[in-house]
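These figures come from a predicted structure and were not determined experimentally. Just so we're on the same page: letters track the sequence lines, and every chain starts at 1.
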Amino acid sequence: MTRYDASEIEGKWQRVWEQRGTFRATADRSRPKYYVLEMFPYPSGKIHMGHVRNYTQGDVVARYKRARGFNVLHPMGWDAFGMPAENAAIERGVHPARWTYDNIANMRRQLERMGFSYDWSREIATCHPEYYRHEQAMFLDFLEADLVDRRESWVNWDPVDNTVLANEQVIDGKGWRSGAAVERRKLTQWFFRITLFADELLDELARLERWPERVRHMQENWIGRSEGALVRFALLGRADRLEVFTTRPDTLFGASFCAVAIDHPLVAERAGSDAVLARFVEECRRLGTTEEAVETAEKLGHDTGLRAIHPFDGRELPVYAANFVLMEYGAGAIFGCPAHDQRDLEFARKYGLSVLPVVAPAGVAAPEVVVGAEAFTGDGRLINSDFLDGLAVPEAKRAMAQRLESIGAGERKVTYRLRDWGVSRQRYWGCPIPVIHCSGCGVVPVPRDQLPVRLPDDVTFDAPGNPLDRHPTWQHVVCPRCRAPARRETDTFDTFVESSWYFARFCSPRASAPIERDAAAYWLPVDQYLGGIEHAILHLLYSRFFTRALSRTGHLGALAEPFAGLFTQGMVLHETYLDSNGQLLFPEQVARRDDGRLVHATTGAPVTAGAVEKMSKSKRNVVDPEDIIAAFGADTARWFMLSDSPPERDLEWTAAGADGVRRFLNRLWRLVDEAPAASGAAGAANDGVLAIRRATHRTIAAFTADLEGFHFNRAVARLYELVNTLTGMESEGPAAIAAYREGLETLVRLIAPICPHLAEELWQRLGHDRLLVETPWPEADPALVAETDVTIAVQVNGKLRATLTVPKGLAKAAAEKAALDDPAVARAIGDKPVRRVIVVPDRIVNVVV
RNA sequence: GCGGGCGUGGCGGAACUGGCAGACGCACCAGAUUUAGGUUCUGGCGCCGCAAGGCUUGGGAGUUCGAGUCUCCCCGCCCGCACCA
């Protein structure tokens, strides 16, 4: 008898795979490719259970597809630029590069111990000059292709990290990383012109069939396309005109005022001579745009004194500066139609402006239309609107847009919520933006033969702000064009730039070109991408933009989308623990007594279990994957991650569950260890043999279908079922032994993607010389999968009264007779006449009395 | 407010196109063998009931021979977006 020792066999097989280069991928046009990718980690120092779950799912897919004969690319790397490295430098005096590379080394070791089938020869770290030099080259190409813009604009400033943030990185008015309330500043910044692709990014979402609908909706909302019209109002006594955007040009005759954002140029102009207006603007700025402020704030306005002339009826409309109008959206100005917009209505009531209904709901005659507390935003017919009267809303929109265009007072216009992607960051640990500022020549790209622009190593972190700004020499260069003294750009890229193209670099990670077109053409798109929902907008949208920009600049061939399939996994949760003082405890500080009570592991004081929450340091409910591997082995951790909870849902890690998995893996070990030797005597195929073989082949079919459909928890359940079926069957005679061994071998082959080390070991112990990882996936025999008998339900008036086992395909009449002959059915029918019998072959008979 | 998702035993969850609700696992209970190593094996386990039987998928109505699944209303929870004109 032998024992299952995870640590021994896991190391053993990892070394074998490594020596054989089993997971090295090479492009091979004669074989179908499969590119499976998990979102690469930030090298924070240690992997966490969320990584373990994500990467286990990806590894199951990779190993399964490899067994199915695909040429699989499954790479791993490091999203290595970012603030934590600088914080480590500030707090501990360790250089960001040193900190990062040490973390990478440790995390790589941890991932290796999990037995993930990565092609480590393709490993990349985005902080390496051999990676970011290509990013700089791409940027220069984007610059030439007019995909980049440099302009002054209002930006989100994170006062803790001392840097600008993209709109996507501001969550509820706070920095996504620091949590600090974001301020508004006006700065000159580099932008990637993602809005050029707004329509395409939106339209192509519909074709991403293997993406979660949730993610597609989130991107759709983020891009926020709205169709409407620009209206230009003449301003009384002025030559310039006021441009407003509206999605309801049909309601123009109901306009009773115009309103502009407090940041609007007209306000700035008027505030110069109007102290009250200036004070009003100041107050609005102070209120800010945080969630609570927005929710509770009244609609406030201040008359600028300007008068807009209605383009059709010539009325003079007051122009207000208003706190609910956003400079960032549309034209930064609106016309207010109080009868048909709730905000405008509140505003009009407050300032005593007229309210004229111009849309009548269906069935209401024009004179009866009254506006109460609610604006009417539904469909209807136009009234009080001159040439629009009688038209339905959609027609009126079209008619008004046409009329505006014909008189030159406006035009159809589509606007987006999506903004251009501001990529300048005032930080050290990022990719330098490869341009030079010359007082004579302006912005000059760094010549390509001078790439990469390397980060200087000798920087200090003893003062706030960007260390590159303080560096004594780095930024002082000569202008490549006029040779005059010039200044290097000291901003670095948003770290989301690196992760926007790493999937393409993996196709040719050591190539001298940023992306080798042939390699990319073979491997891309990523067939299956796996990661967290938190990247639903940021990373996934940026990558979709980059793919288009790279196609346009010739780095990639025609490639519509980077990720053909996307899977977003749930989080890993754990119970929280509180001692009697209400202090949080770590799981390892808590012990469970025999009676089930929780106590402090050292003091024995009572402990209560709190909510089950996402693992986080602040909740102290974390378990370290390294401890889990040491205590249980990688295979147990991998199995646990896939069992019970569907992969897209949250999963609670429990010690009891891990124990349960270990017990099961031990049981598998024993089954193989104690399996009777194959006798060679092939005996008659009796019922027992057939039952084993059917169970085996049905498991192959069902398990395979479950893996294909990402139903890992169901797949795992099938394996338990097969084990339950096989248990004890080895004693059924020589013929059964052969079938039993077939069942065991199948089991071992099926578990291989989940717990590959144990599977490889058991496969060898079953007498195979060929590595399991090089053995094709088992095929189910259709003859054994097909059912011969089926169990059908018999209902009387919809209530189950009996089940019958009948030959598959039994004719309706025969099934009906069998059902009516059943004593339990007869009892339920009693002496009532049978009115009707519904027979669904192979499923059910329902007797209606 | 808008958009999306979800609600099934003590728990995680199964249930393909409407057709045996509760697969499988955890926890628990009973028994057996006993284990140096996190034992192993057998059986039970939605609720009520001694039983026959009845009830049961958040609540209510509807469609249907038949509803966890479809439709409508309500309740609760989660996620995303939000003065977006």
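- Contact annotation: Lys799(A) does not reach the phosphate of G54(B) (side-chain N/O to OP1 or OP2, under 4.0 Å).
- Nucleic acid contact class of Thr791(A) (heavy atoms, under 4.0 Å, all strands): base.
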Side chain to side chain contact (heavy atoms under 4.5 Å, CB included) evaluation trace for Leu345(A) with Gln342(A): CA-CA 5 Å; Leu345(A) 183 62; Gln342(A) 192 59 32; 4.3 Å; yes
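- Within the nucleic acid shown, Arg718(A) has no heavy atom closer than 4.0 Å to any nucleic acid atom.
- Contact annotation for Arg801(A): backbone-only contact, meaning every heavy-atom pair under 4.0 Å involves sugar-phosphate atoms and none involves a base.
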Residues Asp341(A), Phe335(A); criterion side chain to side chain contact (heavy atoms under 4.5 Å, CB included); working and verdict: CA-CA 11 Å; Asp341(A) 182 289; Phe335(A) 76 77; over 6 Å; no
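- Ring geometry for His535(A) versus His539(A): interplanar angle over 60°, hence perpendicular rather than tilted (30 to 60°).
- Comparing Asn666(A) and Ile533(A) against RNA chain B, the residue whose closest nucleotide sits nearer the 5' end is Asn666(A).
- RNA chain B is contacted by both Ile792(A) and Val847(A); Ile792(A) maps to the nucleotide lying nearer its 5′ end (nearest heavy atom per residue).
- Defined by atom type and a distance below 3.5 Å, a donor-acceptor pair is present between the side-chain atoms of Thr2(A) and Asp673(A).
- Side chains of Asn621(A) and Thr576(A): a donor-acceptor N/O pair is absent below 3.5 angstrom, by distance only.
- Residue-level contact check: Tyr720(A) touches the backbone only, with heavy atoms under 4.0 Å from sugar-phosphate atoms and none from bases.
- Considering Leu668(A), Ile751(A), Asn724(A) as possible partners of Leu719(A), the one that fulfils the side chain to side chain contact (heavy atoms under 4.5 Å, CB included) test is Ile751(A).
- Within 4.0 Å of Val325(A), counting heavy atoms only, lies at least one base atom of the nucleic acid.
- In this structure, Arg827(A) reaches the sugar-phosphate backbone alone: every heavy-atom distance under 4.0 Å involves primed, P, OP1 or OP2 atoms, never a base.
- Comparing C74(B) with C24(B), their P atoms sit 40 Å apart, to the nearest whole Å.
- Looking at the side chain of His217(A), the nearest of the listed nucleotides G80(B), G4(B), G25(B) is G4(B).
- As a whole-Å value, the separation of Trp222(A) CH2 from C79(B) C1' is 15 Å.
- The distance between atom CD1 of Ile262(A) and atom P of A85(B), rounded to the nearest whole Å, is 20 Å.
- Ring geometry for Tyr320(A) against Tyr351(A) counts as tilted: the plane angle lies between 30° and 60°, on a 0 to 90° scale.
- With hydrogens and angles ignored, the 3.5 Å screen pairs a side-chain donor or acceptor of Arg216(A) with a backbone N or O of Leu208(A).
- Nucleotides G43(B) and G9(B) place their P atoms 27 Å apart, quoted to the nearest Å.
- Closest to the side chain of Thr246(A), out of C20(B), G38(B), A85(B), is A85(B).
- For Val840(A), the side-chain atoms get nearest to G19(B) when compared with the rest of C20(B), G19(B), A23(B).
- Comparing G38(B), C20(B), A85(B) by their closest approach to the side chain of Leu800(A) singles out C20(B).
- Listed nucleotides: G38(B), G19(B), G5(B). Nearest to the side chain of Glu213(A): G5(B).
- Comparing C83(B), G80(B), U17(B) by their closest approach to the side chain of Leu326(A) singles out C83(B).
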Evaluation steps, ring pair (Phe, Tyr, Trp, His ring centres under 6.0 Å), between Phe257(A) and Phe347(A): CA-CA 10 Å; Phe257(A) 66 97; Phe347(A) 193 82; 4.9 Å; yes
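- Within 3.5 Å, a donor on the side chain of Arg3(A) pairs with an acceptor on the base of G38(B), or the reverse.
- Note on ring orientation: taking the six-membered ring where Trp is involved, the planes of Phe245(A) and Tyr329(A) are perpendicular (angle over 60°, cut-offs 30° and 60°).
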Set out, line by line, the N/O atom pairs under 3.5 Å between protein and nucleotides 11-13 of chain B.
residue: G12(B); atom: O2'; partner: Ser645(A); partner atom: OG; Å: 2.9
residue: G12(B); atom: N2; partner: Asp644(A); partner atom: OD1; Å: 2.9
residue: G13(B); atom: O3'; partner: Asn713(A); partner atom: ND2; Å: 3.4

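- Of the candidate nucleotides C20(B), A85(B), G38(B), C20(B) has the atom lying nearest to any side-chain atom of Thr803(A).
- Rounded to an integer number of Å, the gap from Arg835(A) CZ to U64(B) P is 14 Å.
- When distances run from any side-chain atom of Arg417(A) to the nucleotides G5(B), C24(B), C84(B), the shortest one goes to C84(B).
- The separation between Asp635(A) atom CG and G38(B) atom P is 20 Å, rounded to whole Å.
- Under a 3.5 Å cut-off, the side chain of Arg419(A) and the backbone N or O of Tyr416(A) do form a donor-acceptor pair.
- Side chain of Ala656(A), nearest nucleotide from A27(B), A85(B), G3(B): A27(B).
- In summary, the side chains of Arg214(A) and Thr568(A) do not present any donor paired with an acceptor at a separation below 3.5 Å, with no hydrogens or angles considered.
- Nucleotides C16(B) and A21(B), compared at atom P, are 13 Å apart to the nearest Å.
- For the pair Gln795(A) CD and A21(B) C1', the interatomic distance rounds to 12 Å; values are reported in whole Å.
- Here the side chain of Arg343(A) is nearest to one of G54(B), C83(B), A82(B), namely C83(B).
- Taking atom C1' on both nucleotides, A82(B) is separated from G4(B) by 15 Å, rounded to a whole Å.
- Between Phe710(A) atom CZ and A14(B) atom C1' the separation is 20 Å, expressed in whole Å.
- The distance between atom CG of Asn846(A) and atom C1' of G19(B), rounded to the nearest whole Å, is 9 Å.
- Across the protein-nucleic acid pair, Arg663(A) atom CZ and C24(B) atom P stand 17 Å apart, rounded to whole Å.
- Listed by first residue number, the stems of RNA chain B with at least three Watson-Crick or G-U pairs below 3.5 Å are B:1-7 with B:75-81, B:10-12 with B:24-26, B:28-32 with B:40-44, B:46-48 with B:53-55, B:58-62 with B:70-74.
- Inter-residue side-chain proximity for Ile844(A) and Ile792(A) is flagged as unmet; no heavy-atom pair is nearer than 4.5 Å.
- For a distance-only test at 3.5 Å, the side chain of Arg836(A) fails to qualify as a donor-acceptor partner of the base of U64(B).
- Annotation: C70(B) and G53(B) have their C1' atoms spaced 31 Å apart (nearest Å).
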Write out a two-atom table: protein N or O, nucleotide N or O from nucleotides 42-51 of chain B, distance below 3.5 Å.
none

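- Using a 30° and 60° split on the angle between ring planes, Phe664(A) and Trp639(A) fall in the tilted class, from 30° to 60°.
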Side chain to side chain contact (heavy atoms under 4.5 Å, CB included) assessment of His264(A) paired with Leu266(A): CA-CA 5 Å; His264(A) 196 278; Leu266(A) 279 177; 3.5 Å; yes
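- Atom name C1', nucleotides C77(B) and U8(B): the rounded distance is 15 Å, in whole Å.
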